[in-house]
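A quick write-up on the structure given underneath.
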Amino acid sequence: MTTITDPPKHQFRLSMLLYDTRYRAATIQVVALFVFMLLAAWLINNTAHNLAELGKPIDFGFFGEVASYDINQRLLDYTSQDTHLRAALIGLLNTLVVAILGCVTATILGVCVGVLRLSHNWLIARLMTVYVEMFRNVPVLLWIVFIMAILIEMLPAPSAFRGSNASASMILGDSVALTNRGIYVPEALFSHSLGNIHLFGSSSLRFDVSLDLVAFLIVLAAGLWASHRIKLRADRIQEETGDRPTTWYLRAGVVLVPVVALLAALGFHLGMPELKGFNFSGGTHLRNSLIALWLALSLYTAAFIAEIVRAGILAISKGQTEAAAALGLRPGRVMRLVILPQALRVIVPPLISQYLNLTKNSSLAIAVGYMDITGTLGGITMNQTGRELECVLLLMAIYLVISLTISGVMNWYNESVKLRER
């Protein structure tokens with residue numbers, strides 16, 4: 001009777017880390033990581049030692065010092081007697097405002113231009129081509145300065161609105177004033193306001209949150225959720241019966257009626273800008289620096305988004321369009337219901353890069369005097385305190401966090417809209 005014995009086990013030897021293909025790749029990676037960590041530790045230690053020798057050890061205490069400079073466009077209360085930390089917070093909010101406004105505007109404009117570039121109308125298609133080639137082949141900094149110059153030189157001064165024989169007048173029912181100092185628009189006011197809630201007490205990060213805004217956002221979110229539930233119900237009925245019920249009035253009602261009721265209860269009204277003295281007062285003042293930066297970034301990025309949208313549409317088989325047309329769908333509904341949903345899987349990945357580029361290009365704001373995070377933390381604060389290493393490292397970390405957040409959100413959206421096979 002023969003017995004089957006297990007094959008002899010090879011004893012592990014240290015030389016196998018290099019000569020055995022099962023371990024060689026892992027060994028090289030571990031060694032490379034160890035060398036990299038040693039190099040990084042040496043650089044950090046060497047930098048800290050040299051700064052200490054110069055009497056400038058790494059210290060973030062300067063954030064508690066008085067900033068002593070003004071910020072013209074801001075969302076929160078700020079004075080020159082506030083700290084550098086609060087100035088950096090105001091600059092960060094200004095950066096986020098431009099990034100969000102720019103991404104939304106560039107997306108809308110880019111989608112429209114990209115679709116119109118494929119129009120069968122020769123004139124419209126060529127005009128859109130001229131727009132794309134003109135904006136994407138000129139540096140964005142030049143567009144920022146150019147638009148700023150147009151706003152300053154072509155719009156009237158506030159004094160032109162004064163008197164019975166004024167050479168300029170307000171538009172939209174005397175509610176909006178276009179001047180060379182900026183645009184004045186109505187502001188939202190409430191007769192029965194719920195007041196504000198103070199966050200972070202008296203620290204440099206303090207800010208007031210309007211309870212009216214919180215209530216508005218809650219009601220709006222609830223309405224949008226109810227509208228989405230109605231849409232899901234209509235989709236389910238359509239899948240079961242083939243007949244889709246009319247729901248647009250229900251969806252509009254659950255969103256608009258509660259919002260209008262809330263605004264009426266709060267006594268919502270508009271505060272109009274008025275010319276008093278040498279300038280307008282009241283309303284909301286959008287400075288030329290914000291408008292120039294917003295428009296330039298939007299128009300510039302929209303040219304790239306238009307090409308992405310055009311490429312995404314062309315990536316869809318022409319048979320999809322012909323099949324939809326054979327079912328009797330109009331061209332607009334074919335584009336909205338058939339082509340664009342399929343093109344999103346091609347459009348969204350490169351679109352993420354354009355959002356990131358727009359956000360990083362907002363650091364050019366200082367060219368027109370818009371105080372973003374680069375102008376505050378990376379500009380005046382750094383020059384006043386002499387803490388260039390700390391300021392630059394924080395600035396890099398802030399842009400990294402913003403970029404990773406945008407990338408994460410858009411990747412989640414891309415995952416939610418991608419095609420799934422049954």
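Owing to the predicted nature of the structure, the values given are computational and were not obtained by experimental measurement.
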>> Whether the Asn411 and Ser407 side chains hold a donor-acceptor pair (N or O, under 3.5 Å, no angle test) is what I'd like checked.
In response: yes

> Does atom CZ of Phe60 have more than 12 heavy-atom neighbours from other groups under 6.0 Å away?
Replying inline: yes

>> Do Met371 and Tyr69 make a side-chain contact, defined as non-hydrogen atoms from C-beta onward lying under 4.5 Å apart?
In response: yes

> Would you say Asp82's side chain and Thr79's backbone share a donor-acceptor pair under 3.5 angstrom?
Replying inline: yes

> Using the ring of each side chain (for Trp, its six-membered ring), is Phe280 parallel, tilted or perpendicular to Phe161, with breaks at 30° and 60°?
Replying inline: perpendicular

> Is there side-chain contact between Thr83 and Glu65, with heavy atoms separated by less than 4.5 Å?
Replying inline: no

>> Can a donor-acceptor pair be found, under 3.5 Å and without considering hydrogens, that links the side chain of His120 to the backbone of Ala125?
In response: no

> Is there side-chain contact between Thr284 and Tyr184, with heavy atoms separated by less than 4.5 Å?
Replying inline: no

> With distance as the sole test, does Asp70 use its side chain to make a donor-acceptor pair with the main-chain N or O of Asn72 at under 3.5 Å?
Replying inline: no

> Does the side chain of Tyr355 come under 3.5 Å of the side chain of Thr107 through a donor N or O and an acceptor N or O?
Replying inline: yes

>> So for atom CE, which belongs to Met134, do other residues, nucleotides or ligands contribute more than 12 heavy atoms lying within a distance under 6.0 Å?
In response: yes

>> Quick check against the 3.5 Å criterion: does Thr247 have a side-chain atom that pairs as donor or acceptor with the backbone of Leu250?
In response: no

> If only atom types and distance count, is the side chain of Thr241 paired as donor or acceptor with the main-chain N or O of Gln238 below 3.5 Å?
Replying inline: no

>> Which heavy atom of Thr301 sits nearest to which heavy atom of Ala106, and what is that distance?
In response: CB-CB, 4.0 Å

>> Just verifying a value: how many Å separate Cys391 SG and Leu377 CG, rounded to the nearest 0.5 Å?
In response: 4.5 Å

> Given the rule in the ring-ring contact (aromatic ring centres under 6.0 Å, His included) test, do Phe63 and His84 qualify, once you have shown the distances and angles that lead to the verdict?
Replying inline: CA-CA 5 Å; Phe63 273 126; His84 287 292; 7.7 Å; no

> So does His228 have more than 12 non-hydrogen atoms from other groups sitting under 6.0 Å from NE2?
Replying inline: no

>> I'd like to know whether CG of Asn180 has more than 12 heavy-atom contacts from other residues, nucleotides or ligands below 6.0 angstrom.
In response: yes

>> So which atom in Thr405 and which in Val401 form the shortest heavy-atom distance, rounded to 0.1 Å?
In response: OG1-O, 2.7 Å

>> When you measure from the side chain of Glu390 to the backbone of Asp59, do you find a donor-acceptor pair of N or O atoms at a distance under 3.5 Å?
In response: yes

>> Using only atom types and a distance under 3.5 Å, with no angle test, would you say the side chain of Asn45 pairs donor to acceptor with the backbone of Ala41?
In response: no

> Roughly how far apart are Ile313 CD1 and Met335 CE, rounded to 0.5 Å?
Replying inline: 4.0 Å

> Between Ser363 and Tyr399, does any side-chain donor sit less than 3.5 Å from a side-chain acceptor?
Replying inline: no

> Hey, are Asp212 and Ser193 close enough side-chain-wise for a donor-acceptor pair under 3.5 Å?
Replying inline: yes

> Okay, side chain of Thr95, backbone of Ile373: is any donor-acceptor separation there less than 3.5 Å?
Replying inline: yes

> At their closest point, which heavy atom of Pro158 faces which heavy atom of Asn279, and how far apart are they?
Replying inline: CG-OD1, 3.8 Å

>> Could you tell me if the side chain of Leu266 sits less than 4.5 Å from the side chain of Phe216, heavy atoms only?
In response: no

> If every non-hydrogen atom of Ile347 is compared with every non-hydrogen atom of Val309, which pair is closest and at what distance?
Replying inline: CD1-CA, 3.9 Å

> Which pair of heavy atoms, one from Gly375 and one from Ile366, lies closest together, and at what distance?
Replying inline: CA-CD1, 4.1 Å

> How many angstroms lie between atom CG of Leu213 and atom CG of Leu194, to the nearest 0.5 angstrom?
Replying inline: 11.0 Å

> Under 3.5 Å, side chain of Arg126 to main-chain N/O of Leu123, donor-acceptor pair present?
Replying inline: no

> Is a donor on one side and an acceptor on the other found under 3.5 Å between the side chain of Ser362 and the backbone of Thr359?
Replying inline: yes

> Of the options Phe146, Trp143, Tyr300, which is the one that meets Phe135 in a ring pair (Phe, Tyr, Trp, His ring centres under 6.0 Å)?
Replying inline: Trp143

>> Are more than 12 heavy atoms, taken from residues, nucleotides or ligands other than Ile237, located less than 6.0 Å from that residue's CD1 atom?
In response: yes

>> Could you measure the distance from the CG atom of Leu93 to the CG atom of Leu89? Nearest 0.5 Å is fine.
In response: 5.0 Å

> Do the non-hydrogen side-chain atoms of Ile291 and Leu151 ever get within less than 4.5 Å of each other?
Replying inline: yes

>> Are more than 12 heavy atoms, taken from residues, nucleotides or ligands other than Arg229, located less than 6.0 Å from that residue's CZ atom?
In response: no

>> So which atom in Asn94 and which in Gln73 form the shortest heavy-atom distance, rounded to 0.1 Å?
In response: ND2-O, 2.8 Å

> More than 12 heavy atoms of other residues, nucleotides or ligands under 6.0 Å from CZ of Arg162: is that the case?
Replying inline: yes

> Does the pair Arg236/Glu239 count as a salt bridge with the N-to-O cut at 4.0 Å?
Replying inline: no

